[in-house]
Amino acid sequence: MYFDFSKLSGKNCYKLLSSTVVPRPIAWVVTCDEIGRNNAAPFSFFSVVSGDPPVVSLAIGGTLTGQKDTLRNILANGELVINMVSEENIEAMNITAIPFKSGIDELNQAGVEHCASNMVRPPRIADSPVSLECSVREIISIGQSNHLVLANVLAAHVNDNAIADIERCRIDASKLYLVGRSESPGWYVRTRDRFLLKQRKVEDWKFVND
């Protein structure tokens, strides 16, 4: 089936993309407003952009009433903590996705423990297997209500059980028990089911004769 996106509504474009670009990692983002109140929300339009320099991307859509609290807080102070979501804290993450009114602390509503970050003001989620302390690098407006946030990763907290080699920064991802977003609405995947496929070397390749 062929879909011409120029002839589709924005809603249908979103449904096609979010149901076919899967699985997607979940950024469980914690920010603070101008008076220090915490805000937490999950986003699945999220990825690594660069390893050197370390940069991640986060797409934030709008709401019927304007900007989301996450974007408003990032615009105000330029700081955020991106926490990865595990099987253990998926239910708490889902609670923080509820569209509470501004000023409501989603971490408190979900009963999520948090602790101080080292380099930014927003706290990190204590039970998250990976937390990335970030500062804003650039914010790009996409259309009327969507924004792409490029963030510098300043520091990472990784569960000790997943450290395979601390000197080489090797992580055993199988011990993180992360979950990802699948097709909308409400479907998720576990990352425990994996397989190894080693990259081929050109010197070992037998070229096909033309």
Any side-chain heavy atom of [X] within less than 4.5 Å of one from [Y]?
| X | Y | answer |
| --- | --- | --- |
| F100 | D69 | no |
| C134 | V81 | no |
| R137 | P53 | yes |
| E87 | R192 | yes |
| V49 | V56 | no |
| V149 | I60 | yes |
| V130 | L176 | yes |
| N38 | P123 | yes |

Is the NZ or CZ atom of R181 both under 6.0 Å from the centre of the six-membered ring of Y188 and within 45° of that ring's axis?
->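 Yes, a cation-pi geometry holds between R181 and Y188.
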Heavy-atom closest pair, residues [X] and [Y]:
| X | Y | result |
| --- | --- | --- |
| G62 | K68 | O-CE, 3.9 Å |
| I82 | A27 | CG2-CB, 3.6 Å |
| S141 | H147 | CA-CD2, 3.9 Å |
| R72 | S102 | NH1-OG, 3.8 Å |
| E138 | I140 | OE2-CG1, 3.8 Å |
| T191 | R194 | O-CB, 4.4 Å |

Let me confirm one number: the [atom1]-[atom2] distance from [X] to [Y], rounded to the nearest 0.5 Å.
| X | Y | atom1 | atom2 | answer |
| --- | --- | --- | --- | --- |
| N89 | I26 | CG | CD1 | 9.5 Å |
| R121 | T31 | CZ | OG1 | 10.5 Å |
| N73 | R37 | CG | CZ | 9.0 Å |
| K15 | N12 | NZ | CG | 4.5 Å |
| I171 | N161 | CD1 | CG | 11.5 Å |
| F3 | L8 | CZ | CG | 7.5 Å |

Evaluate the side-chain contact (heavy atoms from CB on, under 4.5 Å) criterion for residues S57 and L148: first the C-alpha distance (whole Å), next the side-chain angles of each, then the deciding distance (0.1 Å), finally the verdict.
-> CA-CA 7 Å; S57 66; L148 177 66; 4.0 Å; yes
Kindly check if the number of other-residue, nucleotide or ligand heavy atoms within 6.0 Å of [atom1] ([X]) is above 12?
| X | atom1 | value |
| --- | --- | --- |
| Q199 | CD | no |
| Q109 | CD | yes |
| F46 | CZ | yes |

Are [X] and [Y] in one and the same hydrophobic cluster, where Ile, Leu, Val, Met, Phe, Trp and Tyr link if side-chain heavy atoms are under 4.5 Å apart?
| X | Y | answer |
| --- | --- | --- |
| F43 | V21 | no |
| L75 | V136 | yes |
| V153 | L178 | yes |
| L71 | V29 | yes |
| Y177 | V85 | no |

No-hydrogen, no-angle side-chain donor-acceptor test under 3.5 Å, N39 and T70 |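 Present: a donor and an acceptor within the cut-off.
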Do W28 and T96 have a side chain donor and acceptor closer than 3.5 Å?
->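 Per modelled atom types, W28 and T96 side chains form a pair under 3.5 Å.
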Flag, side chain of [X] to backbone of [Y], donor-acceptor distance under 3.5 Å:
| X | Y | result |
| --- | --- | --- |
| N83 | I125 | yes |
| D165 | R168 | yes |
| S86 | E88 | yes |
| N77 | C32 | yes |
| N152 | L154 | no |
| S128 | M84 | yes |
| R24 | S18 | yes |

Applying side-chain contact (heavy atoms from CB on, under 4.5 Å), run through V120 and L80 and close with a yes or a no.
-> CA-CA 7 Å; V120 296; L80 64 156; over 6 Å; no
Please identify each residue that fulfils side-chain hydrogen bond (donor to acceptor under 3.5 Å, both in side chains) with D52, with sequence neighbours left out.
->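 side-chain hydrogen bond (donor to acceptor under 3.5 Å, both in side chains) check on D52 returns nothing, list empty.
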All side-chain hydrogen bond (donor to acceptor under 3.5 Å, both in side chains) counterparts of H157, not counting sequence neighbours =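 For H157, the residues satisfying side-chain hydrogen bond (donor to acceptor under 3.5 Å, both in side chains) (neighbours in sequence not counted) are R124, E133.
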Are K201 and D204 within salt-bridge range, i.e. N to O under 4.0 Å?
->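 The answer is no: the pair does not qualify as a salt bridge.
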Among all residues two or more places apart in sequence or in another chain, which pass the salt bridge (Lys or Arg N to Asp or Glu O under 4.0 Å) test with D105?
->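 With sequence neighbours excluded, D105 shows a salt bridge (Lys or Arg N to Asp or Glu O under 4.0 Å) to no residue whatsoever.
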